[in-house]
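Report on one structure; see the data block that follows.
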Amino acid sequence: MPVIFRMRGRARRAGLACALSGLFLSSCVGVAETTPPHDAAPQSAAGGLFSDYRGGPEIVRGSGDGGQTARGTVFEDLNRNGRRDAGEPGVPGALVSNGRDVAAVDAAGRYELPARDDMAVFVIQPSGFQVPHDADWTPQFSYQHKPAGSPKRLRFGGLAPTGPLPEAINFPLVRAGDANDFRCAVLGDTQTYSNQGVSYFRDSVVDDLLDLPPSEQVDCLFAVGDVMGDDLGLIPRMAEVMSPVRAPQWWVHGNHDFDFDADVDADSSDSWRRLYGPNYYAFEIGDVLFIALDNVVYPCVGKDAETPGREFCLTDERKRYNGRITDDQLTFVENLLALTDESKLVVVGHHIPFVSFVDHMASAHQTDNVASLYALLEGRKALSLSGHTHTTENLSPGDSFAGWAEMVGVEALPFRHIIAGAGSGAWYNGDFDTFGVPMALQRLGAPRGWLDLHFDGPAYAETYYGSNVAASQRMWVSVNTPAFRDWFDAIMAWRATPAEERDPVPPLSINDLPDVKILTPDDLMRGSYLTANVWDGSSETTVAATIAGRTYSMDRTQEARGEPARIGAEWADPFAAQRQLSVARFAMQSRSDAPRNQGVETNRGWTRGPVAPQPQGAVADRSVHLWRLRLPGNLAPGVHKASVVATDRHGRRTQETIVIEVRAERPPPRFRRDVFEAFEDGPPIRER
């Protein structure tokens, strides 16, 4: 696509003195009315890559309007006041978009773009600069244009009518620090349904980020969707809770971030656009181009139903969503890439994965037309970042799973795809940790947490941090025994029985599971496995275990060579499953007069309990990052140290050690009353 740029022939307003500046410089106040940037004030640098620079676009209005052309300037705000003053230069080469077309500004910093009926006009933060932010470090880089506003009243306000285009939309920038080496925290599915959820997030991920040593502090936050949990009214508090990190927070629009009461997809992000900003956009830092896409179509329509498996878009009685990149976004990406240095790494952030392991046979939970995006990115260094599945998946180039070709027409991955886990874990379910936050272990067994991306030029290294666990920990190690498999199968069979047909009390609880680290010869003969759940493990990861002086290679349970998911007790993570299958928190109750404090209140205020301890919805019955070793059948009786070392694709090693026992018989687990009570303590003997 050609670059969109048209030189202005003459000023639309009278006055030679302002022929070039009246629409672009706020100093021409006699001709044009300027809307001050939000929270604009001179700001000094706070140190680090990005400084505390507050403000927003400079909106210039006059007696007329912008007609069918969006125009303005991108300028260096030397005095950091948010206005273009005399002597402040343009930033030639900076890019501005209307969501389809992309314009490169000229030597004076000027741009023009055709107007669209419903659009965001936004600057793409260029490398070496930063856009302003508000008091919460939310970037302010766009102007929303929807002349008539949202077509109906929406639950969370939608967009008010914006009226005609301003005469000018000017974007201020300031210089940023050296970005050859920087870090971004990728936040998947923080998904705070309530103020309590925001507090959980504050007391876990936010605390984690603030506790990082100075050399590892992050320079940006990239939240890849489902930032909220349906209640968009919590966006201001959520942004404020993240603000102590003092890093720009770039958010991606997810399927719990839209207006559920919108009737068409074009209106479904209206409240988000008012409260946060564009639902898709781009920005640069150093040698990296970040592209934030909105690949959730809601409500999905006939175009979605043309793809097999998406018939629900037409037949379901309720509104449904589907994973698809809209034509406008594909055009935007094509035009943007045409103006982007091919040496840059392209990081595409989106909510629904392009493909995933955990949902490899699902339709709505992968992206229908991702092959079209792959074609645009062909030959470039690229990385996909997503959320949605509440899993950590580090999928390597060439990886393949059954179902991808059928669901989205993809045989194998052309570049790395990382599903970044969930800040909320398994929707803040599970028992409480020592910080009072639900453990909420995720669907594939990893802890709730966040992904650190450390960039060095266009290269990067990924590290997944479990939240509220040791910062150095990268895996769980446990043992899968015959007793564990029997216990797992019994509870899962109960869970699969319709609620009205089953006993309200599960057949077993965690109290009924024998210690998995005590093994008998029979356990070894029937098959017991040392397991290592390496949270961000990939096809390049190697895992080895040392037991009784001998080192063994551990086998990954999935090869990622086109096979389906291996599901069931044999392939489960015993560490996670023990905590997921018997959650005591469901039984919590009190004599208070607060019915919503009884049991657990989950998504959208749905209540569960008080009931007997039982499984949560997410259970690690499969994993793409689980390695195992069948323990030797002749392992000698006694106590053994089992050390597991995982080496990632960057050569970094992490180690976990557990102690296992081999006993002729499993000792009784409870207090030995019979032994204790076989003798009397006897009466006290007093001195005479």
Side-chain angles (χ1 to χ4, degrees), residues 431 433-434 439 441 445 447 466 469-470 472-491 508-535 543-557 568-582 584 613 620-621 623 626-646 653-678:
D431 288 317
D433 66 16
T434 54
M439 284 188 289
L441 302 186
V469 300
S472 60
Q473 190 165 9
R474 300 286 176 266
M475 60 180 162
W476 314 123
V477 176
S478 189
V479 183
N480 183 321
T481 65
F484 165 77
R485 296 192 288 273
D486 292 343
W487 178 84
F488 181 97
D489 286 340
I491 298 177
L508 300 170
S509 78
I510 191 63
N511 288 339
D512 297 298
L513 177 63
D515 185 342
V516 297
K517 297 173 188 174
I518 298 178
L519 304 165
T520 66
D522 183 64
D523 293 330
L524 294 173
M525 180 189 69
R526 293 171 56 196
S528 292
Y529 299 87
L530 183 69
T531 62
N533 189 332
V534 185
W535 308 330
V543 185
T546 301
I547 306 170
R550 184 175 174 184
T551 300
Y552 305 84
S553 293
M554 298 181 71
D555 297 322
R556 191 181 181 198
T557 57
E570 184 179 355
W571 312 103
D573 173 16
F575 182 96
Q578 289 175 66
R579 290 149 182 83
Q580 295 168 325
L581 286 177
S582 187
D621 61 353
S623 186
L626 186 71
W627 278 256
R628 69 179 191 172
L629 167 70
R630 180 163 179 163
L631 293 169
N634 60 351
L635 194 60
V639 176
H640 299 275
K641 180 177 72 173
S643 294
V644 176
V645 175
R653 291 157 54 93
T654 184
Q655 178 173 326
E656 291 293 324
T657 299
I658 63 171
V659 174
I660 60 177
E661 304 174 51
V662 178
R663 304 290 182 189
E665 294 182 357
R666 181 170 282 106
R670 309 297 178 202
F671 184 75
R672 296 188 302 161
R673 290 177 180 171
D674 56 338
V675 173
F676 194 82
E677 295 172 358

Ignoring hydrogens and geometry, is there a side-chain-to-backbone donor-acceptor pair from Gln580 to Ala620 under 3.5 Å? yes
Heavy-atom donor-acceptor pair, Gln473 side chain to Met475 backbone, under 3.5 Å: yes
Residue list, ring-ring contact (aromatic ring centres under 6.0 Å, His included) with Trp535, at least two apart or on another chain: Trp476
Please report the closest heavy-atom contact between [X] and [Y], naming both atoms and the distance.
| X | Y | value |
| --- | --- | --- |
| Gly466 | Pro447 | CA-CG, 3.6 Å |
| Gln578 | Trp487 | CA-CH2, 3.9 Å |
| Ala572 | Phe488 | CB-CE1, 3.8 Å |
| Pro667 | Ile518 | CD-CG2, 4.0 Å |

How far does [atom1] of [X] sit from [atom2] of [Y], to the nearest 0.5 angstrom?
| X | Y | atom1 | atom2 | answer |
| --- | --- | --- | --- | --- |
| Leu519 | Met525 | CG | CE | 13.0 Å |
| Leu530 | Met554 | CG | CE | 4.5 Å |
| Asn480 | Thr557 | CG | OG1 | 11.0 Å |
| Leu508 | Asp489 | CG | CG | 11.0 Å |
| Leu626 | Phe575 | CG | CZ | 12.5 Å |
| Glu656 | Ser472 | CD | OG | 7.0 Å |

pair Arg556-Val534: side-chain heavy atoms closer than 4.5 Å: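 Of all side-chain heavy-atom pairs linking Val534 with Arg556, none is under 4.5 Å.
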CZ/Phe676: more than 12 non-hydrogen atoms of other groups inside 6.0 Å: no
Is it the case that over 12 heavy atoms from other parts of the model lie below 6.0 angstrom from the CZ atom of Arg630?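 Buried by this count: over 12 neighbours within 6.0 Å.
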Is there a side chain to side chain donor-acceptor pair (under 3.5 Å) between Thr481 and Ser528? Walk through the geometry before answering. CA-CA 5 Å; Thr481 65; Ser528 292; 5.5 Å; no
Please table the atom pairs, donor to acceptor, closer than 3.5 Å between any side-chain atom in residues 543-553 and protein atoms at least two apart or in another chain.
| residue | atom | partner | partner atom | Å |
| --- | --- | --- | --- | --- |
| Thr546 | OG1 | Thr551 | OG1 | 2.9 |

Using side-chain hydrogen bond (donor to acceptor under 3.5 Å, both in side chains) as the criterion, list what pairs up with [X], not counting sequence neighbours.
| X | answer |
| --- | --- |
| Arg579 | none |
| Thr531 | none |
| Asp431 | none |

I would like to know whether Leu631 and Val662 meet side chain to side chain contact (heavy atoms under 4.5 Å, CB included); could you show each step before the answer? CA-CA 11 Å; Leu631 293 169; Val662 178; over 6 Å; no
Show, in sequence, the C-alpha distance, side-chain angles and deciding distance for Leu513 and Leu581, and conclude whether the side chain to side chain contact (heavy atoms under 4.5 Å, CB included) test is met. CA-CA 11 Å; Leu513 177 63; Leu581 286 177; over 6 Å; no
With salt bridge (charged side-chain N to carboxylate O under 4.0 Å, His left out) as the rule and sequence neighbours excluded, what pairs involving residues 512-523 come up?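 Non-adjacent pairs meeting salt bridge (charged side-chain N to carboxylate O under 4.0 Å, His left out): Asp522-Arg526, Asp523-Arg666.
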